[in-house]
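Ligands are counted one by one from 1 in listed order, and the atoms in each one are counted from 1 as well. Predicted model, so just to flag it, every value in this text is computed and none were measured.
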Amino acid sequence: MELKSNHASPVLTDPTPLNKSRLVNRLPYAQSGGSFSSGKCVTISRKKPGKLDDVLPNGWLDAMRSSSPPRKKFIIDCNVDVPSDDSDNAYCSWMLNYPSALKSFEQIARNAKSKKIAIFLDYDGTLSPIVDDPDRAFMSNAMRSTVRNVSKYFPTAIITGRSRDKVYELVGLTELCYAGSHGMDILSPVSDSVSDDHPNCIKSTDQEGKVLNLFQPAREFIPMIDEVFRTLVENTNGIKGAKVENHKFCASVHYRNVDEKSWPTIAQCVHDILKDYPRLLLTHGRKVLEIRPVIDWNKGKAVEFLLESLGLSESDDVLPIYIGDDKSDEDAFKVLREGNRGYGILVSSVPKESSAHYSLKDTSEVKKFLKALVGWKKKLEVGRRSI
Ligand SMILES: O=P(O)(O)OC[C@H]1O[C@H](O[C@H]2O[C@H](CO)[C@@H](O)[C@H](O)[C@H]2O)[C@H](O)[C@@H](O)[C@@H]1O
C-alpha cells in the first residue's frame, strides 16, 4: 500500500484493484463481500446483527473492554500523602513519568518564557467530562470562559473526533480554529504558508463571514462514510443502547450504554462493514469504535497543518501545547515529542502508556492549568510594559 504523506494528497491509493465482486455490490462505495457467478449480478444480503459467523480479529473485544476505564476519585496527592491502595500506588509511580502539568507549571513557564505558545485542545474528556450520552457532553460556562481567555493570549485550536459543526455547536467560540473528524476537516486562517492551489484546501467563510481555508483531505470519502453510517444505523438498530454518529469523514459506534453481553454483536457489525470497505479502518476510542478512511492523516498531522496555517511552523520560538485524553490524541503527542517541539499533556486519572510529557487528572485540572497559563501571560505582559 502506498502512502502519500504530503499535504497535497494524503489519500492512500486504492489497496485492491477493481474486481468483479465490486461490480455486483449493491452498495455503490462498498467492495467485495458478495458472491459472483459469471456474468450474473447477485444481490448481497446484509447480515443480521448477532450472527457471529466470522471470527473477530484478536484483541477487538479486549480493546473494547479496556477502553475508557472508570474515572478514579482522588483522595490522595502523590506528592504529599502516602498512597492508600494498590491503584493509588500505581498512579503515583506512573506520575513519575508523567508529572502533573500543574505541579510542573513553573518549569513549563520557564521554558515558554521567550516563546510563542500555541494551544491545541481535544474536546471530549478534556474540555467536557465523559458522560453516557454523547449529545449531552456539554462544557461548563466556566470552562468556556477560560478557553475564551486563553484564545485572547495564545492562538488556540480545538482538534476533535467529532464533526467540526458539532464541536462548534458545543464550544460556541468564534475566536478559535476548529478541526473536526480527527483533523480531517480543518477551518483555519488564510495564510501565505499554505499554498493557494492546494487540492484539498478551498476558501470558505466562517459564521461571521471571515474568509478562511477549509482543508478536507478525505473529501472523496464523504459518500462512503454516509453509506457506512446508514448501514451501521440499520444493523445496530436492535442493539439496546448502541448509538451511531456520522462525523462526515468518519463514523462512530458507541457501546458505552450497551450491555457487555452484546459487545461481540456490536463488534461483529463493525467488522462486517469493514470487510466490505477496504479503504476504511477501525480505531478504538473511549467505549466507541470509530471507522475512518485509510489516509495518512491524524490529529498529529492536523497540529502540523494548523501551525503552518498560523504561520508558526518555521520558527524555533514556538511552543505548542496539546491537551487530550484519548488514543487519537497520541498522534499529536508523538509529533510534539518526536520533533522536540512542545508539550503533550495527557488527561487521565488512571495510568496509561502515552507519548505525552505531562498529565492532568481531569477536566477541572485542565481548567486550572489553562487559567494558570493566562495568569502567567498577563503578569509577563504587565512586567514587560513596566520595563
Ligand atoms: O476527540 P474527542 O473530542 O475526544 O472526541 C472523541 C469522541 O468523543 C465523543 O465520545 C466520547 O465522549 C462521549 C461523551 O462524553 C462518551 O459518551 C463516549 O463514550 C466517548 O467515546 C464523541 O461522541 C465521539 O464521536 C468522538 O469520536
Side-chain angles (χ1 to χ4, degrees), residues 63-71 119-140 143 147 156-173 176-186 218 225 228-229 232-233 236 241-260 263 266 270 280-293 297-303 306 322-333 344-349 352 354 356 360 362-364 366:
M64 285 172 80
R65 282 189 200 103
S66 64
S67 87
S68 203
R71 206 148 66 91
I119 301 289
F120 298 94
L121 301 165
D122 165 59
Y123 183 77
D124 290 279
T126 298
L127 297 182
S128 74
I130 293 294
V131 291
D132 285 346
D133 181 356
D135 290 337
R136 303 200 56 78
F138 303 120
M139 90 198 255
S140 66
M143 182 66 100
V147 175
T156 305
I158 306 282
I159 306 187
T160 175
R162 289 179 181 262
S163 76
R164 186 168 48 78
D165 288 348
K166 182 70 194 176
V167 83
Y168 177 73
E169 196 184 305
L170 290 164
V171 176
L173 296 172
L176 318 180
C177 292
Y178 291 89
S181 304
H182 296 294
M184 287 181 279
D185 190 5
I186 305 180
I225 293 293
V228 164
F229 166 71
L232 282 169
V233 169
T236 57
K243 183 180 173 71
V244 188
E245 288 178 304
N246 185 346
H247 303 305
K248 199 167 179 175
F249 300 99
C250 50
S252 302
V253 184
H254 291 272
Y255 57 93
R256 184 175 290 280
N257 303 317
V258 173
D259 190 302
E260 198 166 334
W263 289 5
I266 290 264
V270 173
L280 298 179
L281 58 79
L282 169 84
T283 53
H284 290 268
R286 302 184 65 161
K287 299 281 181 273
V288 66
L289 299 175
E290 303 194 283
I291 295 177
R292 40 166 140 173
W297 200 263
N298 54 41
K299 288 185 173 185
K301 299 261 177 187
V303 167
L306 278 160
Y322 186 106
I323 312 182
D325 72 314
D326 208 347
K327 278 208 189 90
S328 61
D329 300 310
E330 290 297 327
D331 293 317
F333 297 151
I345 303 178
L346 175 69
V347 185
S348 182
S349 61
K352 264 187 203 173
S354 174
L360 290 167
D362 52 24
T363 54
S364 75
V366 171

Which residue holds the protein heavy atom closest to [atom], what is that atom called, and what is the gap in Å?
atom                    : answer
atom 10 (O) of ligand 1 : His254 CE1, 3.4 Å
atom 15 (O) of ligand 1 : Val131 N, 2.8 Å
atom 22 (C) of ligand 1 : Glu245 OE1, 3.6 Å
atom 7 (C) of ligand 1  : Asp124 OD2, 4.1 Å
atom 4 (O) of ligand 1  : Asp122 OD1, 2.7 Å
atom 26 (C) of ligand 1 : Glu290 OE2, 3.8 Å
atom 19 (O) of ligand 1 : Arg256 NE, 2.6 Å
atom 6 (C) of ligand 1  : Asp326 OD2, 4.0 Å

So if I count the atoms of ligand 1 from 1 in the order they appear, which ones are less than 4.0 Å from some heavy atom of [X]?
X      : value
Thr160 : 1 (O), 2 (P), 3 (O), 5 (O)
Tyr123 : 3 (O)
Ala137 : 14 (C), 15 (O)
Pro129 : 15 (O)
Val288 : 21 (O)

- Message: For ligand 1 and Arg286, I'd like to know whether there is a polar contact (N/O to N/O, distance under 3.5 Å).
- Response: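 Looking only at distances, the answer is yes, because the N/O contact criterion of under 3.5 Å is met.
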- Heteroatom proximity flag, Gly285 to ligand 1, N/O under 3.5 Å: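 Between Gly285 and ligand 1, no N or O pair is found under 3.5 Å apart.
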- Let me see the working for Asp331 and Lys301 under side chain to side chain contact (heavy atoms under 4.5 Å, CB included), right down to the final yes or no. CA-CA 8 Å; Asp331 293 317; Lys301 299 261 177 187; over 6 Å; no
- Message: On a heavy-atom basis, which atom in Arg162 and which in Tyr123 lie closest, and how many Å separate them?
- Response: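 Closest approach of Arg162 to Tyr123, heavy atoms only: NE-CD2, 4.0 Å.
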- Item | Heavy-atom pair with the smallest gap, counting every atom of Trp297 and Gly183 |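 Nearest heavy atoms, Trp297 then Gly183: NE1-O, 2.8 Å.
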- Could a heavy atom of Lys299 be found less than 4.0 Å from some atom of ligand 1?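 For ligand 1, residue contact (heavy atoms, under 4.0 Å) with Lys299 is present.
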Side chains of [X] and [Y]: closer than 4.5 Å at any heavy-atom pair?
X      : Y      : value
Lys166 : Asn246 : no
Arg286 : Asp124 : no
Ile323 : Asp122 : no
Leu173 : Ile158 : no

- Message: Tell me the contacting part of Ser128 for ligand 1: side chain, backbone, both, or neither, using a 4.0 Å heavy-atom threshold, strictly below.
- Response: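 Answer for Ser128: neither.
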- Region of Asp132 that comes within reach of ligand 1 [heavy atoms, distance under 4.0 Å]: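 Only the backbone of Asp132 comes within reach of ligand 1.
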Regarding [X] and [Y], is there a side-chain donor-to-acceptor distance under 3.5 Å anywhere?
X      : Y      : answer
Ser181 : Lys248 : no
Ser163 : Asp165 : no
Ser67  : Tyr255 : yes
His182 : Glu290 : yes

